[in-house]
Number of protein chains: 2
Amino acid sequence: MADPATKASTAAGSGAGAQRERHPTIRDVAELAGVATSTVSRALSRPERVNPRTRARIEEAAAELNYVPSSQAQGLSSGRTNAVAVLVPDITNPFYFDIIRGTQHQLKAAGVTQLLVDTEESSEMELDALHKMRKSADGFILAASRLTDAQLAEVSQSQPLVTFNRASTSAPTVMIDTPSAIIQALEHLASLGHHKVCYVAGPPTSWSNQMRWKVFEEDATKRGMEVHRIGPYAPKTTSGAAAADAAVRTGATGCIVFNDLLAIGMLQRLKARGIRVPEDMSIIGSDDIFGADFCNPPLTTISSPIEQAGRVAVSMLLAQLNPLSGNASRQLAVMPTHLTIRESTGPAPA
Amino acid sequence: MADPATKASTAAGSGAGAQRERHPTIRDVAELAGVATSTVSRALSRPERVNPRTRARIEEAAAELNYVPSSQAQGLSSGRTNAVAVLVPDITNPFYFDIIRGTQHQLKAAGVTQLLVDTEESSEMELDALHKMRKSADGFILAASRLTDAQLAEVSQSQPLVTFNRASTSAPTVMIDTPSAIIQALEHLASLGHHKVCYVAGPPTSWSNQMRWKVFEEDATKRGMEVHRIGPYAPKTTSGAAAADAAVRTGATGCIVFNDLLAIGMLQRLKARGIRVPEDMSIIGSDDIFGADFCNPPLTTISSPIEQAGRVAVSMLLAQLNPLSGNASRQLAVMPTHLTIRESTGPAPA
DNA sequence: CAACTTTTGGCAACCGCTTGCCACACGCTT
DNA sequence: AAGCGTGTGGCAAGCGGTTGCCAAAAGTTG
């Protein structure tokens, strides 16, 4: 009934902007409670510093006025913003959703605002954000940073940050235990009788991509497998077609793919070409993103607690910001991985 | 040569925390350029207000010092924060990722920071966030708000906001053209020979859920179909099992499901139970989320430009904040929908 | 060249809150 | 009773900008 369109015409009357009512300030509260603003400030931030009776009066006044301190003003004078920026290379990638979810959750629990930034896989944008936001964030979480070691070192000197999935000697880091994961995956392939394996590479600037390949090559060689490598490919399902075709051409029967997005794309292409998975070719993805369990066939993949990794990253950053908790904040957290075996892997073709 | 760094040297003592170097302020720039701070401020915000030569000097100085204005301080005095809060009921839901992506993109283009908030499907949290952040955001975008009409009306009076997928007479709204979508879907089902149809309901507090059901019932009845309704179910894949079982029990051969998440969950359950889709039952989802194209079978679903909807919402909000653009800001935007037919729908069983 | 208009840029008062420093009051000790 | 320690709360100086107001400088005009 209440048709939204009808009202639209009338609503325009008062000029477009909704007028903001004046919000109560700390002064209003102070006045109402009969104390100085400084006392109000202290009552709210360091309650033990003020007499319980006074504090009660102040809290009452604040409640009555519905007072909310301005984080801006707070930040201005105290120097801390109570915000943390989370930089991800591609907000489009479900993998980062998981980490964002983790950071969001933990930050909220700590009463800190999350500033989400998409750096579009570019180190320039990353650097730029780091610079522009240095005033508006107390710290940074860099997911899969594209920065060079030198840049990272420099940046980490001037602002608190923690990196995720990007080794760094200069900043605390949380990492996925990639080496172990790759080894597990190769073990799985080996036990299914695969001899020719292929690594499907992701972005060359990705540190974890480099790591994965390195371990892959080492371990596969040690096992006496025939090792191939194709790529790099953009970590998107749309790149899967090219990757699938190239993979087939290598003659490998088992592929370990940089990430699930790419792996799912390959699955689609392989199906389209009539190449059966896993009968003709086995595919192992990485990250166990949303969708990996219901794609066709369900994807065998390297799982790890991504969301938890996000939470850990936040904890590490917060510890860094809050020197109270002993300056012995951990510098490295390694998240365990395990292989989740679904239906995209099977015995090597005869 | 007042070196801004000299002052910082003493600040080093701490230890664990990375020490922040003192950042140049507008005063440093003013000094270096030989002008007053007010001039610097103006040169940066209203360039035409200052002599080109002076401005050049200032810009040069700013660049040399690597000056970045503090958004906090800016906000304090000017009253605007240059941030917009986006409230979503569940950051875990891929549907919202799309909209977040849209808002993020558009906000960034406008140089506005996005504050992402997960309200956990709760109207209390939503209200709370709206209240707590009124000082830290210039405006709000409420995705699928859980607020009552009255609450919404009240809130929209005190702060600029736009709602998404939630009709409102009090605030600008962007909506998905649900009625048309449902009708398209029913038409599709009808043309495939289905006579018994079922609506699988989502959260009762969701406005779009109510809308969908209303139109579903009307239109299906008009077509002389046997209409069923089951639910409510949480919009998650995990609720799909219960939904699938209930749907089967109704005897319906075609289901229109509140959203893709739920639909995909149903697909999984149906497959597990050996009920073939679409041979035994057709399923239509809604939203065309990530994964809908590669689940098994690929899901027929109601598509709409969600990401674009996010962008539109931002534009509407920005227009509201910026009265310059004529106060004729649109009050309602309806995003078109279309049915994306994949493989989860087919002829009704004989 | 004087009178007048328009630019341009400085002064200073905030914006709302934090915090170092100090004063007062109260309760104890000696 | 004087001396003190301690707990409380006020004063006021910022934090880093913005902006209304005004005066000096520059440009116009008759």
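On a predicted model such as this, the values are computed, not experimentally measured, just so you know. Letters A, B, ... are given to chains in the order of the sequence lines, protein chains preceding strands, and every chain is numbered from 1. All values below come from the heavy atoms of this structure, side chains included, with hydrogens, waters and symmetry mates left out.
In this structure, the CD atom of B:Q72 is 11 Å from the P atom of D:dG17, given to the nearest Å. Rounded to an integer number of Å, the gap from B:R27 CZ to C:dG10 P is 14 Å. Whole-Å rounding puts the B:R55 CZ to C:dG9 P distance at 10 Å. Taking atom CG of B:L44 as the reference point, atom P of D:dT19 lies 13 Å away to the nearest angstrom. Between the P atom of C:dG9 and the CD atom of B:E48 lies a distance of 13 Å, rounded to the nearest Å. Taking atom CZ on B:R42 and atom C1' on D:dG20, their separation rounds to 9 Å, with Å as the unit. Between the CG atom of A:D28 and the C1' atom of C:dC15 there is a distance of 13 Å, given to the nearest Å. Counting to the nearest Å, the C1' atom of D:dG17 and the CD atom of A:Q74 are 18 Å from each other.
Using a 4.0 Å heavy-atom distance criterion, B:S70 is classed as a sugar-phosphate-only contact. A:S45 comes within 4.0 angstrom of no nucleic acid atom, judged by non-hydrogen atoms across all strands. Residue-level contact check: B:T25 touches the backbone only, with heavy atoms under 4.0 Å from sugar-phosphate atoms and none from bases.
Take the nearest nucleotide of DNA chain C for A:R46 and for B:L76: the residue whose nucleotide is more 5' is B:L76.
Distances shorter than 4.0 Å separate none of the side-chain N or O atoms of A:S38 from OP1 or OP2 on C:dT19. In this model, the phosphate group of D:dT18 is not approached by any side-chain N or O of B:S78 to a distance below 4.0 Å at OP1 or OP2.
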Would you sort out whether B:K108 and A:E120 count as a salt bridge (Lys or Arg N to Asp or Glu O under 4.0 Å), showing the intermediate values?
CA-CA 12 Å; B:K108 176 190 240 169; A:E120 297 174 18; 3.6 Å; yes
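Salt bridge status for A:D90 with B:R101: absent, with no side-chain N to carboxylate O gap under 4.0 Å. Salt bridge annotation for A:R55-A:E48: absent, with no cationic side-chain nitrogen under 4.0 angstrom from a carboxylate oxygen. At a threshold of 4.0 Å, the pair A:E31-A:R27 does not count as salt-bridged, since none of the basic side-chain nitrogens sits closer than that to a carboxylate oxygen.
Residue-to-nucleotide contacts include a donor-acceptor pair under 3.5 Å from the side chain of A:R49 to the base of D:dG9.
The closest side-chain heavy-atom distance from B:V84 to B:T113 is not below 4.5 Å.
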